[in-house]
S.K.: 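I have a structure I would like to understand better, so I am pasting it below and will then ask my questions one at a time.
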Amino acid sequence: MEKIVVNGGNPLFGQVEISGSKNAALPIIYACVLVRGKCVLENIPDVSDIRCSFDILRGIGAKIRMITRTTYEVDCTDVEAGRSDYDLVRKIRGSYYLLGSEFGRFGRAKVGLPGGCNFGVRPIDQHIKGFEALGGRVSTEGGYVEIESDRGAVGSNIFFDLSSVGATLNVMIAAATADGVTVIDNAAREPHVVDCANFLNTCGAQISGAGSDVIKIKGVKELHGCTYAIIPDMIEAGSFMVAAVATRGAVKINNVIPKHLESVTAKLIETGADVEEFDDAVMVTSGETIRRTSVKTLPYPGFPTDMHPQMAALLCTAEGTSYINESIFENRFRYVEELRRMGARIKVDGRILVIEGGAPLSPAPVMATDLRGGVAVMIAALTAKGVTEISEINLIERGYDNIVGKMQALGADIRKVTVPDDAQLARAN
Ligand code: EPZ
């Protein structure tokens, strides 16, 4: 079993290169199923959710070739619908994009229900609403989602009940080669929605309005292969920005799109930090002290829910009482228990976190409860003088490419260790 061991107290100084966006790469990888040809994808992050997705696509007949550590050739010429591995699909959330791409290409789909971080119920009713609007007959039985249709996806108008990143992407993918025009209203505006639209347009699709809440897709007969570079990961970048401030350091974060980080930048400035923007980098310098602030998570361009746990770790060491209102997921607070083990004075009141700052955190054995919660306890450990051990680190490695190496390069005393698990210990005795 692997753990991350942090000897906290060092401020982070130096420069870090941000990897490609996991949440942009996932829909684009599955959208390759629409293309009877080869796509070359660049700036792919080396994280387990991506490796799992490549395994899922290989399992349905895709040929995937690594060209460099971050560049892959994906050839979906010979893929077949309804053949994806149930147990692989349930490992991650992003596998549900296979529904949209199988439906778009074959007029039918059969994919196991997705998995992903455990934030309570994560329904897919809006995805189903979209597929039905496109002429699909959707059933969910036996752990599978199945889509059937008489003549394949047919363009239509869809008004989503709420802003859903996944549903917006899934329907956009299905509509790219549908018969006719689709208009998605109340669409999610996240940068990874724009990135997937740009990828599809590079393959010959006709999508306009991505990044606004109305997206228009004129279905085309056929898509062709292309070469496409994924955008930088705004959540990885935000995580390093928060870590720099939490450790009272100064870090230049390279290979970012500053506009994607504006809500995080604004909040860090409220805490007293200084953020200087360059074309493709931000320079973050902590203030003398960290002032309290209040945060409400919202769909883009609001403060991202995927940055809430990291911000909570920072605000534990701020002066005064801070609040975080998690308006997107009803329960992504499991990491709070782990911060409490380190002396954090946090209470959860419904969807509101009340954080009493002013006291340093102290080391304790903790675990990653989910992807972003895992990075939150890592940031807390970086601020706590002494040795903290973090277990369940596979959850962190789902979405962060070499985070330990990147933190070491910034001066953190952090390392990954392998410890025998109980079964190995029992065998040794
Ligand atoms: C994506 O999840 C991301 N995952 C999440 O990142 C991110 O937190 C989320 O978007 C919001 O930005 C991937 O991209 C793989 P939603 P998704 O559909 O698509 C509700 C991470 O850490 N909803 O925008 O599942 C839903 O329950 C992960 O990288 C419905 O009610 O998010 C939630 O309350 C964690 N019905 C809200 O909408 C639906 O059909 C937003 O969910 C779909 C969603």
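When a ligand or atom number is given, it counts from 1 through the structure's own listing order. Hydrogens, waters and symmetry mates are skipped; everything else that's a heavy atom, side chains included, is used. Note that the numbering runs from 1 along the sequence shown for the chain.
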S.K.: Can you run down the side chain to side chain donor-acceptor pair (under 3.5 Å) pairs that involve residues 128-154, sequence neighbours left out, and say none if there aren't any?
M.R.: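 Side chain to side chain donor-acceptor pair (under 3.5 Å) check on residues 128-154 returns Lys129-Asp161, Arg137-Asp150, Arg151-Asp179.
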S.K.: Would Lys22 count as a contact of ligand 1 if the rule is a heavy atom under 4.0 Å away?
M.R.: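 Within the 4.0 Å threshold, so yes.
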S.K.: Polar contacts were defined as any N/O atom of the residue lying under 3.5 Å from an N/O atom of the ligand; does this apply to Gly166 and ligand 1?
M.R.: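 Yes, since at least one N or O of Gly166 sits under 3.5 Å from an N or O of ligand 1.
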S.K.: Does only the side chain of Arg93 get under 4.0 Å from ligand 1, or the backbone, or both, or neither? Count heavy atoms.
M.R.: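 Within the 4.0 Å criterion, Arg93 contacts ligand 1 through side-chain atoms alone.
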S.K.: Counting only nitrogen or oxygen atoms and a 3.5 angstrom limit, does Arg122 reach ligand 1?
M.R.: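 N/O-N/O distance below 3.5 Å exists for this pair.
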S.K.: Gly94 to ligand 1: N or O pair under 3.5 Å?
M.R.: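 Gly94 vs ligand 1: no N/O contact under 3.5 Å.
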S.K.: Please determine if Thr305 has a nitrogen or oxygen closer than 3.5 Å to a nitrogen or oxygen of ligand 1.
M.R.: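 So ligand 1 has no N or O lying under 3.5 Å from an N or O of Thr305.
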S.K.: Going by the rule ring-ring contact (aromatic ring centres under 6.0 Å, His included), which residues pair with Tyr335 if we only count those two or more places apart in sequence or in a different chain?
M.R.: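 Partners of Tyr335 by the ring-ring contact (aromatic ring centres under 6.0 Å, His included) criterion, ordered by chain and then number, come out as His308.
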S.K.: Quick one: does Glu330 get an N or O within less than 3.5 Å of an N or O on ligand 1?
M.R.: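 No: no nitrogen or oxygen of Glu330 is under 3.5 Å from one in ligand 1.
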S.K.: With a 4.0 Å cut-off on heavy atoms, is Tyr96 in contact with ligand 1?
M.R.: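 Under 4.0 Å: yes for Tyr96.
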S.K.: Would you call Lys63-Glu73 a salt bridge at under 4.0 Å N-O?
M.R.: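 Salt bridge flag = no for Glu73 with Lys63.
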S.K.: Does Ala167 come within less than 4.0 Å of ligand 1, judged by its heavy atoms?
M.R.: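 Heavy atoms of Ala167 never come under 4.0 Å of ligand 1.
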